[in-house]
Number of protein chains: 4
Amino acid sequence: MKTSAVRNQIVETASRLFYKQGYNATGINQIIEEAGVAKASLYQHFHSKEDLLVEYLTVKGAETNAALKAEAEKFEAPKEKILAVFDFLAEVSVQPEYYGCNFLNIVSELPVDSDRVRGVIRKQKDDVRAMFADILRPVHKEKLADELYMLFDGALITNKVHGNAWPIQTAKTLAGKIL
Amino acid sequence: MKTSAVRNQIVETASRLFYKQGYNATGINQIIEEAGVAKASLYQHFHSKEDLLVEYLTVKGAETNAALKAEAEKFEAPKEKILAVFDFLAEVSVQPEYYGCNFLNIVSELPVDSDRVRGVIRKQKDDVRAMFADILRPVHKEKLADELYMLFDGALITNKVHGNAWPIQTAKTLAGKIL
Amino acid sequence: MKTSAVRNQIVETASRLFYKQGYNATGINQIIEEAGVAKASLYQHFHSKEDLLVEYLTVKGAETNAALKAEAEKFEAPKEKILAVFDFLAEVSVQPEYYGCNFLNIVSELPVDSDRVRGVIRKQKDDVRAMFADILRPVHKEKLADELYMLFDGALITNKVHGNAWPIQTAKTLAGKIL
Amino acid sequence: MKTSAVRNQIVETASRLFYKQGYNATGINQIIEEAGVAKASLYQHFHSKEDLLVEYLTVKGAETNAALKAEAEKFEAPKEKILAVFDFLAEVSVQPEYYGCNFLNIVSELPVDSDRVRGVIRKQKDDVRAMFADILRPVHKEKLADELYMLFDGALITNKVHGNAWPIQTAKTLAGKIL
DNA sequence: AATGAATGAGCATTCATTCAT
DNA sequence: AATGAATGAATGCTCATTCAT
């Protein structure tokens with residue numbers, strides 16, 4: 001069995017803190033305190049802090065993929081599907097508990113040799129890229145997927161830097177141009 | 001006089017380590033050890049680790065602005081100037097000691113309330129944006145500056161995530177399209 | 001369970017050092033070294049050095065109250081009880097490991113805003129004052145409690161300043177006069 | 001020449017801080033910063049922090065002796081002179097910048113082997129004791145000097161502990177009784 | 001006489017991890 | 001499955017003092 005009340009508490013708390021504060025800035029002590037579990041309980045479920053990070057990223061990756069696809073599926077035409085993704089970004093980014101992209105936030109904190117974690121992040125981003133390609137394949141424009149995905153991440157990081165919504169609109173505009 | 005051998009050693013070493021390992025993952029102890037100076041000497045020149053970070057970002061910001069402008073000035077036509085900037089990115093990003101954008105690397109490590117450091121980063125990015133606008137003004141296309149700057153940062157972060165040169169080429173292609 | 005071998009070692013060692021050397025002059029490093037425990041073990045039991053100080057003062061306060069009362073109870077007459085307290089002071093103050101009053105020693109080291117620690121000290125002193133009043137109540141002389149308590153502390157501090165037993169005898173004499 | 005503008009600044013600042021914050025809690029850095037002098041200038045005038053403490057205590061000792069004598073000399077009768085000293089204490093102790101007795105505050109911070117500094121403090125206290133004896137000699141009551149001095153210090157330390165004026169009144173009352 | 005720069009040793013506190021129960 | 005206790009190593013920062021100019 002992979003789930004338990006304690007394990008869930010740990011993952012939820014760690015996810016919240018890793019997202020809000022960053023990975024390195026979040027200590028094991030804060031996690032167990034806010035989760036209300038014992039330190040040894042955490043290490044029973046996760047061999048290391050990095051394992052907990054991987055769990056966080058994996059779970060959020062699946063959630064994010066599902067959310068993006070759900071938005072796209074609200075429309076029929078490929079172009080509209082794509083633009084809906086950017087609209088979704090715009091919507092999410094103004095929510096009070098939004099602190100940027102879960103995955104881009106972590107990537108700069110990783111040690112150079114952290115292939116395992118970087119792999120999880122890369123996979124989520126490749127899923128986005130693949131989603132764009134899948135959407136565009138029916139109209140034989142799948143070659144635009146890379147450009148759109150780069151606009152997607154550009155919008156996210158620029159929004160993070162400036163704390164402002166304009167980059168997402170700019171990305172959407174640009175996406176509209178090339179489609 | 002603002003310079004001294006010790007101060008220079010500190011800034012150089014801290015810059016190298018902050019860039020390669022990240023800010024939080026780099027300790028004061030490592031900096032002083034590799035710089036070969038006493039701990040109190042570091043704190044004579046910088047009141048806190050954050051001050052050292054600000055110095056690093058400020059210096060790199062000026063250097064980066066100068067380098068980008070130097071590349072652009074090799075050409076006459078605005079479009080060529082812009083594309084030269086992306087070519088420069090492509091060139092730099094394959095160098096062995098390249099670990100991504102100095103500024104985007106740091107931005108995700110910052111506590112939410114770190115306005116001072118975030119301000120330095122934002123300024124450097126605004127300088128890039130302004131540079132694009134300055135280049136395009138003669139041909140009355142300065143409204144494209146935001147889109148180009150977003151492509152610029154999108155290229156940098158996507159390159160970081162995937163450890164691959166394709167995003168920079170993709171960004172350049174897209175830049176060419178809209179110019 | 002509130003006790004453990006490690007915790008006891010920490011409290012005993014810290015108490016000895018705080019008493020002999022003072023609070024500010026005693027470092028955490030010396031405490032853990034002489035106690036033979038790891039630094040993190042200390043912080044498992046006490047959130048801060050100040051918490052350890054509070055523990056020391058609280059324990060010593062209880063011990064001191066008990067000792068003083070035990071001395072007083074050796075006699076029947078209120079006057080004899082009171083004088084017995086001063087005799088006890090005289091006895092204790094010539095012991096080789098006597099370095100003055102645990103509580104008065106600390107009070108001058110406290111930052112002006114240290115209400116918590118100062119409260120512990122004040123409480124112990126109020127206990128002494130109350131003890132004097134309790135002793136004197138049967139003979140309706142409880143109004144002398146304040147004067148006697150002030151003599152008590154005067155004896156302690158003057159003994160500390162001069163490293164000599166005379167102040168305690170002088171205080172006892174004066175106490176005898178007013179009773 | 002023993003005086004200079006810089007030296008005066010140092011002594012004044014150190015005195016203020018040693019008094020308000022205590023000796024150990026006051027760092028050299030804070031002194032030179034608030035005094036507006038260079039660190040090496042401080043060490044030119046005082047070989048060590050302890051030397052600065054001795055200077056502070058010596059100067060304050062002389063000032064205190066003079067002030068107490070000035071109060072006593074306002075009256076003719078020995079008893080009135082003595083009571084005037086306690087009235088002076090009461091007056092001083094309610095001033096906003098009063099933090100207790102300069103000398104008793106320091107005595108508990110001293111390492112056990114600090115004979116030099118302890119000697120300065122002891123001298124000042126002996127001066128008070130001698131003053132009481134001098135006042136009482138004309139009426140052949142100089143044997144009360146020790147008791148009065150002990151009341152004097154008892155009033156000061158008890159006032160410090162409780163942050164309240166009552167101990168000084170109590171001491172004065174007691175002094176009146178025995179005179 | 002005065003100073004800015006430099007230092008080794010120490011400060012209180014927190015890190016991620018392990019172990020015995 | 002869950003825990004409280006324990007740890008070695010590292011954190012960012014400050015200490016009083018000295019040196020070269």
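When reading the values below, keep in mind they use all heavy atoms of this one structure, side chains included, and skip hydrogens, waters and symmetry mates. Proteins come first, then strands; the chains are lettered A, B, ... in the order of their sequence lines, and each starts at number 1.
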Protein within reach of the bases, or only the backbone? For nucleotides 12-18 of chain E, mark each nucleotide 5' to 3' as B, S or -, using heavy atoms under 4.0 Å. SBBBBBB
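- Between A/I32 atom CD1 and F/dA6 atom C1' there is a gap of 13 Å when expressed in whole angstrom units.
- By the side-chain contact (heavy atoms from CB on, under 4.5 Å) test, C/D51 pairs with C/F46, C/H47, C/S48, C/R116, sequence neighbours left out.
- In this structure, CD of A/Q9 is placed 12 Å from P of F/dA2, rounded to the nearest angstrom.
- Contact of the A/L53 side chain with the A/L57 side chain is registered, since non-hydrogen atoms from C-beta on lie closer than 4.5 Å.
- A straight line from CG of D/L17 to P of F/dA16 spans 12 Å, rounded to a whole angstrom.
- Heavy-atom nearest nucleotides on DNA chain F were determined for C/G36 and for A/L42, and the one closer to the 5' end corresponds to A/L42.
- In terms of phosphate contacts, B/S41 brings a side-chain nitrogen or oxygen within less than 4.0 Å of OP1 or OP2 of E/dT7.
- As a whole-Å value, the separation of B/F46 CZ from F/dT14 C1' is 18 Å.
- Applying the salt bridge (Lys or Arg N to Asp or Glu O under 4.0 Å) rule to A/E34 yields the partners A/R16; only residues at least two apart in sequence or on another chain are considered.
- For the OP1/OP2 pair of F/dG4 and a distance below 4.0 Å, the side-chain nitrogens and oxygens of C/H45 include no atom meeting the criterion.
- Residues passing the side-chain contact (heavy atoms from CB on, under 4.5 Å) test with B/V6, sequence neighbours excluded: B/S4, B/I10, B/V37, B/S41, B/H45.
- Stretches of at least 3 consecutive Watson-Crick or G-U wobble pairs, with each checked distance under 3.5 Å, appear in DNA chain F as E:2-21 with F:2-21.
- Under the ring-ring contact (aromatic ring centres under 6.0 Å, His included) rule, D/F18 has a single partner from D/Y23, D/F103, D/Y99, which is D/Y23.
- Under the salt bridge (Lys or Arg N to Asp or Glu O under 4.0 Å) criterion, C/K123 pairs with C/D127, sequence neighbours left out.
- In this structure, the salt bridge (Lys or Arg N to Asp or Glu O under 4.0 Å) partners of C/K125, at least two apart in sequence or on a different chain, are C/D153.
- Between D/I10 atom CD1 and E/dA1 atom C1' the separation is 11 Å, expressed in whole Å.
- For C/V59, the side-chain contact (heavy atoms from CB on, under 4.5 Å) partners are C/E55, C/E63, not counting sequence neighbours.
- Taking the nucleotide of DNA chain F with the nearest heavy atom to each of A/Q44 and C/A5, the more 5' of the two is matched to A/Q44.
- Partners of A/Q44 under the side-chain contact (heavy atoms from CB on, under 4.5 Å) rule, at least two apart in sequence or in another chain, do not exist in this structure.
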